[in-house]
Structures are given as structure tokens and as C-alpha cells.
Amino acid sequence: MQLKVLKSKLHLATVTRSDLYYHGSLTIDPDLMDAVGLLPYESILVSNVATGMRAETYTLPGQRGSGSVELNGAMARLGAVGDRVIVMAFAQIEANEVDGHSPRVVALDAKNRIVERIDYPPVARACEAAVHAGPDCWAGTE
């Protein structure tokens, strides 16, 4: 059995450009892609923090060091320049790989500079982490 788990996340990225007539995707500074292990053309889910709207697209590398996060094509309808978005990629992994898995996550400031590397604990220890409800976070899921 395979499970879909969070692989990579850019938290609170700021949209720097929007081009409705470009041929689709989300252009991202390769430095940001490298920070969380995103690959060119990788499938991603993008969520606008202000509206809750979500859309799926793929990554397209922009200019390295630019801080770019650009909504292209239909994605331009997701938000506007200055909006904050969350960019997530997921991976299919085997059930026996889950316990050792932890996603790569960074939080960004308004200029898309990395302000924090967030170390999510591996799945096996996630319930012990402060980011969750505590040791009973799996209660009722059996």
C-alpha cells in the first residue's frame, strides 16, 4: 500500500508576479525550490492564505536569487501580487517508509527570504511534537 504524504512546503510565499496569458505553472526561484527539494515540473498544490482557494499546477524554475513566486496562466486567477500562498508537494511512499519520513518545510518573509526551517518530526514521533495536539493525536483513528 502507498500513502500520500507531505514532501515539501513553502509557507507564506509572497506572489511577486501574475501573468494570466503565460502558459501555466508557478514560477519559483530555484533557491527556494532547492531549500525544500522541489523539482522542475513537479506537481504542486498552491493555497491562497487570504481566500482559502487552492489549485494544482507544476513548478517552473525562475531566476535564481530573485525571490520569484509567479502565478501563470489560469493560476493567475488564484491571487494577486502581494498575496501570501502556501506551496505544497506530496509524495507517494510505501507504508513501511512512513515512520522515517519528514517533510522539508521553510517559512518565508514578505520578500520570500527564508526566515525559518521547520523541522517536522518523522511520522513515528509526530504525536510527541508541540505542533500537534499531544500524545493522544492518533486517538479515535483506529
Side-chain angles (χ1 to χ4, degrees), residues 1-20 22-80 82-142:
M1 171 176 56
Q2 290 197 322
L3 302 168
K4 185 176 178 179
V5 297
L6 181 65
K7 171 190 161 271
S8 307
K9 180 176 164 185
L10 296 171
H11 188 67
L12 296 178
T14 302
V15 175
T16 59
R17 186 170 184 264
S18 181
D19 185 352
L20 183 61
Y22 191 75
H23 48 79
S25 74
L26 185 78
T27 300
I28 305 173
D29 178 334
D31 288 342
L32 298 176
M33 293 174 64
D34 292 347
V36 295
L38 287 171
L39 299 173
Y41 320 119
E42 184 170 0
S43 176
I44 54 172
L45 179 65
V46 183
S47 178
N48 185 312
V49 174
T51 66
M53 289 177 51
R54 292 176 169 218
E56 187 174 4
T57 190
Y58 61 94
T59 62
L60 187 65
Q63 182 179 12
R64 189 170 292 280
S66 66
S68 61
V69 174
E70 304 172 7
L71 300 172
N72 301 314
M75 288 299 293
R77 299 285 191 207
L78 185 73
D83 282 359
R84 302 299 288 268
V85 296
I86 298 171
V87 179
M88 298 163 278
F90 298 88
Q92 299 282 349
I93 63 175
E94 295 296 330
N96 64 353
E97 299 173 305
V98 170
D99 284 349
H101 173 76
S102 39
R104 292 173 60 181
V105 180
V106 296
L108 305 174
D109 68 9
K111 296 189 180 205
N112 291 331
R113 294 177 297 215
I114 296 171
V115 293
E116 182 180 9
R117 292 188 191 279
I118 302 170
D119 294 319
Y120 285 13
V123 171
R125 294 194 331 256
C127 288
E128 300 166 10
V131 296
H132 294 282
D136 295 327
C137 70
W138 298 111
T141 61
E142 291 128 2

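These values consider heavy atoms only, across backbone and side chains, with no hydrogens, waters or symmetry-generated copies. Count residues from 1 along the sequence.
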Legend entry - Side chain to side chain, Glu42 and Met33, heavy atoms closer than 4.5 Å: no

Inset, instruction - Side-chain contact test, heavy atoms from C-beta onward, threshold under 4.5 Å: evaluate it for Val36 versus Val105 and give yes or no. - result: no

Inset, instruction - Working to the nearest 0.5 Å, report the span between CZ of Arg104 and NZ of Lys7. - result: 7.5 Å

Inset, instruction - Among Val46, Val49, Asn48, find the residue that satisfies the side chain to side chain contact (heavy atoms under 4.5 Å, CB included) test when tested with Ile86. - result: Val49

Inset, instruction - Please examine the side chains of Thr27 and Asp19, heavy atoms only from C-beta on, and report whether any two atoms are closer than 4.5 Å. - result: no

Legend entry - Leu6 and Phe90, any side-chain heavy atoms less than 4.5 Å apart: yes

Inset, instruction - For residues Glu70 and Tyr22, determine if any side-chain heavy atom of one lies less than 4.5 Å from a side-chain heavy atom of the other. - result: no

Legend entry - Rounded distance [0.5 Å steps], CD in Glu56 versus CG in Leu45: 6.5 Å

Inset, instruction - Using a 4.5 Å cut-off on heavy atoms from C-beta on, say whether the side chain of Pro103 contacts that of Met88. - result: no

Legend entry - Closest heavy-atom pair and its distance - Ala76, Ser18: CB-OG, 3.2 Å

Inset, instruction - Test Leu26 against every option in Asn72, Val69, Val15, Thr59 by the side chain to side chain contact (heavy atoms under 4.5 Å, CB included) rule and name the one that passes. - result: Val69

Inset, instruction - Write down the atom of Ser43, the atom of Ala89, and the distance for their closest heavy-atom approach. - result: O-CB, 3.9 Å

Inset, instruction - Hey, could you give me the NZ/CD distance between Lys4 and Gln92, rounded to the nearest 0.5 Å? - result: 6.5 Å

Inset, instruction - Could you grab the distance from atom CZ of Arg64 to atom CG of Leu32, nearest 0.5 Å is fine? - result: 9.5 Å

Inset, instruction - Please indicate whether Gln63 has more than 12 foreign heavy atoms, meaning atoms of other residues, nucleotides or ligands, lying under 6.0 Å from its CD. - result: no

Inset, instruction - Find the distance between CE (Met53) and CE (Met75) and round it off to the nearest 0.5 Å. - result: 9.0 Å

Inset, instruction - Check whether any side-chain heavy atom of Ile44 sits under 4.5 Å from a side-chain heavy atom of Tyr58, and report yes or no. - result: no

Inset, instruction - For residues Gly62 and Ser68, report the shortest heavy-atom separation together with the two atoms involved. - result: CA-OG, 4.2 Å

Inset, instruction - Going by the side chain to side chain contact (heavy atoms under 4.5 Å, CB included) test, name the single residue among Val115, Ile114, Leu108 that passes it with Asn112. - result: Leu108

Legend entry - From CA spacing to verdict: side chain to side chain contact (heavy atoms under 4.5 Å, CB included), Leu71, Asp83: CA-CA 11 Å; Leu71 300 172; Asp83 282 359; over 6 Å; no

Legend entry - CG-CG distance between Asn96 and Leu3, expressed to the nearest 0.5 angstrom: 10.0 Å

